[in-house]
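Keep in mind it's a predicted model, so treat the numbers as computed, not measured.
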Amino acid sequence: MVRTKYSSGGGSSSSNYNDSDSDEDRHFISKGSMKPTVNVQQQQNFQDLYCNSNTWSASNYGGKVINPTKIQEKQLLSITEHPNSKDVKIKLPLKDWLEYLKENSNKESSIPYSIERSSYIANVEDFNVSFKCNFEIHVFPEPNSKDNNNNNNNNNNNNNNNNNNNNNNNNNNNNNNNNNSCDQVQIPLLPSTVCITSSSIQFSGKNDDESCIGIYQDAHSLFCDRVGTYNVELNVLANFLTPKKNGVGIALPKATFNHLEISVPRKVNIDVVEPLVRDNVDHLKYKQVEIDSKQYTHTIKKCPFQPTNYLKIQWTDAENKNEQQQQKINQIDLSSSTGSTEKGKAAAAAAAASQIKPIEATKLNVEQNTLCSVGEGVIMILSNIVYTVVSGSVSSFDILVGSNIKILSVDGYNIKRWDCLSPNLIEISTPEPNKDQLIKVQLTSSVESSFSLTISAEIEMDSTSGTINISKGIRCSGIEISREKGYLAVESTANVEVESLTRDNLTLIDKSELPSELVSMSSGPLLLSYKFLVPKYALSFKVIKHQDLPVLVAFCPSAHFTATCSSEGAMLTKCLFTIRNEQQQYIRVTIPHQFEVWSTIVSKKAVKPAIDDQGCLMIPLNKSSGTSSGVQKTFKVELVYKHTRDFEFLNAGTFGVVFPQIDIPISTLSISLYLPTDYKYGEFTGNAKEILTFSNLQTNDSDDNDCEGGFGGANLYISNVMPQQQAFIQQPQQQFSSNAAPPPRQLSSFDTNEDSSSQMMGLKPIKVNIPTTGQHFKLEQLLVISTEIKLQVPYKMKKSCC
């Protein structure tokens, strides 16, 4: 491999500044940086060409991870070679293959180097930002290199037992040299979009002429092949982020300890945006620099920052109000209005100063609506904060949150980013125990009227019952806030009891006094309501979780059973249920005799029935969709089945029928029973009462065209179907006519053999409408709970007239 080096004089080139200078004077200071001498054309070209974010591809830190879980356990040991290609497929046992993958995974996933320390010294100039970057890099040997060297040494010793001591010493020296070498490593340091002006590489404290800096995967990288410690210094030039020259960004390698020092040749406020670092008074200093007998102010910021892949710095001017007004006064030509006399200039200056609108300080009013939802083991907090800008403008907000509150999200229009900073993770000047968390919200643009944001948070409880202390809730921070007030409400979203214990700076109010915005946020009953004029309030309440009781999740307001029996004893039953379901998956129908299922319909759609171990018929249910007047809507479940065994009619006897039971309570059960007209029937006995008219008008199913009388219902249904369907439907209706001679086996089409029925398993059934002719009997029973409906009626043959 050909390795190239920059024209900086190998790996030991020097920097562009005098090393003898002190730490405070080591920034790049040029006359051009103090005087803006760029003309308009140069400025336009600069805006068009020389602004970028200096990023690199994420593939520099990517690694291939081998996942062995897709390997099947049963694999045969075989080698297959394709005759038309050079590809060879080898199948290994699972144990050998997993060991192979583990070895390769360790090789690919192992990190051969680590960057312990990195420091960046930046100086803002006219057209770019210069960086002095120092890296302390440790290159490690491969994990298996020591084992391989030991094995080689053992083999050499076994093979050379007869050699003299000199040969053994030479072998040991060679082995020691091999231990200091490794495969070539490419370590990405900076993106290739920056310009390197000089570089310096040291290995173990000495200048390194064997390693070099080169381009590898769109990054300036260190190429080295020895194990040890490298100290790399790179002096680079980076472009500004935008044409405004108020920020710079650069991609970095992650290091354990990181330090930044940046100098801006004017008085500014410097913020480290990525990664976000809390402002500290000790980080920012102003220094007076004399150039050409003139004093200039330099702003210097020094701070550590956490490991990151990208560093973004922004700065804004921090001029005094008097200086800004003086610049506006100087722009007015005083001599043209009042002459060249000193008195005239003074009068014009006073007049101009009176016309200049004074710069208003930013003032905000804040109104907060906070809702605490008490659940099982967690307190959800939803806070809506409305900022009203009285004067000035604002582009960022600071919000303090108690240490026991976990922030989930911050939502709002025009939010660029938000961060929740913990004092335990950020360097602060005066650390305090249990200090509040800080939420920093940045907007994409300044607002001058009002702004609203919503914070979602939670407080985790140790158990479902306990005491909750909200000593430091959610409150805004900043000297620009002149007033902050709001409302606090507590609601229950679970089977818990909330009892107020203590409160501070909170006034108890009625829930009718809460604003409509806060009431609309709630989903459960409001238990406690407060208002506050000072954001530093405290609230303590007790949560008691009670034991839950089982409730009814499915209910049948009405059911209608229709059974038709022919003169030959064939019987067909239709069960129509009106269901209101919240959670139940199946309705279980217990039929006490042998049966054949003809149709199962749920919400006008055919479904597949099933049967459980106890022989109960299972029909899948839907969940009630939507509500009507606060109650879940109902849907229809229809079951049509035929009795396998026919009833044998005699000249006289007792007719008995048993209707199925379900595992859902029925409020009102209506029964329509159609029996042959060739017989006379007595009074019904059983657990249903014979009536003249149904009390529940909902027994008539408009979707299925089942009428209460039964006779008119069939004709109404036939009038709405096609002619070829009418002929099919009218044929079974004639079998119950007392004037027509019935055929020998009218319901023979109901019989199905076992072979044909087994072939229909797993298919969706069709909709079946049973005939409703014959002598009609109406029965009714209220509140049927897992009970079979058994009916018996005596009958005898009608006397035939001659």
Q) Is atom CG of Asn651 surrounded by more than 12 heavy atoms (other residues, nucleotides or ligands) closer than 6.0 Å? A) no
Q. Just how far is it from atom CD of Gln661 to atom CZ of Arg588, taken to the nearest 0.5 Å?
A. 13.0 Å
Q) Distance from Cys556 atom SG to Ile587 atom CD1, nearest 0.5 Å? A) 7.0 Å
Q) So, do Phe561 and Phe577 have ring centers that fall under 6.0 Å from each other? A) yes
Q) Closest approach of Thr644 and Phe595, non-hydrogen atoms and distance? A) OG1-N, 3.2 Å
Q. Among all residues two or more places apart in sequence or in another chain, which pass the salt bridge (Lys or Arg N to Asp or Glu O under 4.0 Å) test with Asp548?
A. Lys545
Q. Any idea which heavy atoms bring Leu779 and Phe694 closest together, and the distance?
A. O-CE2, 3.5 Å
Q) Just how far is it from atom CZ of Phe541 to atom CD1 of Ile468, taken to the nearest 0.5 Å? A) 5.5 Å
Q. Closest approach of Pro660 and Val589, non-hydrogen atoms and distance?
A. CB-CG1, 3.6 Å
Q.
Quick check: do Leu453 and Ile455 have side-chain heavy atoms less than 4.5 Å from each other?
A. yes
Q: Answer whether the closest heavy-atom distance between the side chains of Val543 and Glu497 falls below 4.5 Å.
A: no
Q.
Quick one, Ile381 and Leu371 - any side-chain contact, counting heavy atoms below 4.5 Å?
A. no
Q: Measure from the side-chain N and O atoms of Glu491 to the backbone N and O of Ser523, and report whether any donor-acceptor pair falls under 3.5 Å.
A: yes
Q: Measure the shortest side-chain to side-chain distance between Leu526 and Leu514 over non-hydrogen atoms and say whether it is less than 4.5 angstrom.
A: yes
Q) Hey, are Thr573 and His643 close enough side-chain-wise for a donor-acceptor pair under 3.5 Å? A) yes
Report all side-chain donor-acceptor pairs from residues 781-793 shorter than 3.5 Å, counting only partners two or more places apart or in another chain.
residue : atom : partner : partner atom : Å
Thr787  : OG1  : Ile785  : O            : 2.9

Q) How long is the span from the CG atom in Asp663 to the CE atom in Met618, to the nearest 0.5 Å? A) 9.5 Å
Q: Verify, without hydrogens or angle tests, whether Gln584 (side chain) and Tyr586 (backbone) share a donor-acceptor contact under 3.5 angstrom.
A: yes
(Q) Looking at Ser624 and Lys633, would you say the former's side chain and the latter's main chain have a donor-acceptor pair under 3.5 Å? (A) yes
**Q.** Under 3.5 Å donor-acceptor, Ser599 side chain and Val640 backbone
**A.** no
Q: Would you mind reporting whether Leu639 and Trp598 have side-chain heavy atoms less than 4.5 Å apart?
A: no
Q.
Can you confirm whether Val401 sits close enough to Ile407 that some side-chain heavy atom of one is under 4.5 Å from a side-chain heavy atom of the other?
A. yes
Q: Go through the side-chain N and O atoms of Asp411 and Ser456 and say whether any donor and acceptor fall under 3.5 Å apart.
A: no
**Q.** Pro557 to Ser667 - nearest heavy-atom pair and separation
**A.** O-CB, 3.1 Å
Q: Among His560, Lys778, Lys574, find the one that has a side-chain hydrogen bond (donor to acceptor under 3.5 Å, both in side chains) with Ser672.
A: His560
Q. Is the shortest heavy-atom distance from the side chain of Pro665 to the side chain of Leu552 under 4.5 Å?
A. yes
Q.
What verdict does the side-chain contact (heavy atoms from CB on, under 4.5 Å) test give for Met461 and Ile379, after you've listed the backbone C-alpha separation in whole Å, the side-chain angles of each residue and the deciding distance to 0.1 Å?
A. CA-CA 8 Å; Met461 302 173 56; Ile379 309 295; 3.9 Å; yes
Q: Take Asn384 and Ser452 through the test side chain to side chain donor-acceptor pair (under 3.5 Å) and record every step on the way to the result.
A: CA-CA 7 Å; Asn384 179 256; Ser452 175; 3.3 Å; yes
(Q) If you apply the rule side-chain contact (heavy atoms from CB on, under 4.5 Å), what do you find for Thr493 with Val374, and how did you get there? (A) CA-CA 6 Å; Thr493 58; Val374 181; 5.8 Å; no
Q. Any chance the side chains of Ser540 and Asn469 put a donor and an acceptor closer than 3.5 Å?
A. yes
Q | For Thr654 against Tyr795, the heavy-atom pair lying closest together | A | N-CE2, 3.3 Å
Q) Looking at Phe777 versus Tyr674, is the centre-to-centre ring distance below 6.0 Å? A) no
(Q) Using every non-hydrogen atom in the two residues, find where Asp646 and Ala570 come nearest and quote the distance to one decimal. (A) OD1-CA, 3.6 Å
Q.
Please report whether the ring centroid of Tyr679 lies less than 6.0 Å from that of Phe649.
A. yes
(Q) Run Thr578 and Lys636 through side-chain contact (heavy atoms from CB on, under 4.5 Å) and show every step you take. (A) CA-CA 5 Å; Thr578 303; Lys636 302 290 185 181; 3.0 Å; yes
**Q.** Glu517 side chain near Val519 side chain, heavy-atom distance below 4.5 Å
**A.** no
Q | Lys/Arg N to Asp/Glu carboxylate O, Asp678 vs Lys798, below 4.0 Å | A | no
Q) When you check the side-chain N and O atoms of Glu460 and Asn404, is any donor under 3.5 Å from an acceptor? A) no
(Q) As a quick check of understanding, evaluate ring pair (Phe, Tyr, Trp, His ring centres under 6.0 Å) for Tyr681 and Phe655, giving each step before the final call. (A) CA-CA 9 Å; Tyr681 302 93; Phe655 177 82; 7.4 Å; no
Q | CD-CZ distance between Glu648 and Arg645, expressed to the nearest 0.5 angstrom | A | 7.0 Å
**Q.** Residues Asn622 and Ser603: side-chain donor-acceptor under 3.5 angstrom
**A.** yes
Q | Steps toward side-chain contact (heavy atoms from CB on, under 4.5 Å) verdict (Val551, Leu549) | A | CA-CA 6 Å; Val551 296; Leu549 291 178; 5.5 Å; no
Q.
Would you compute the distance between atom CG of Leu576 and atom OG of Ser558 and round it to the nearest 0.5 angstrom?
A. 7.5 Å
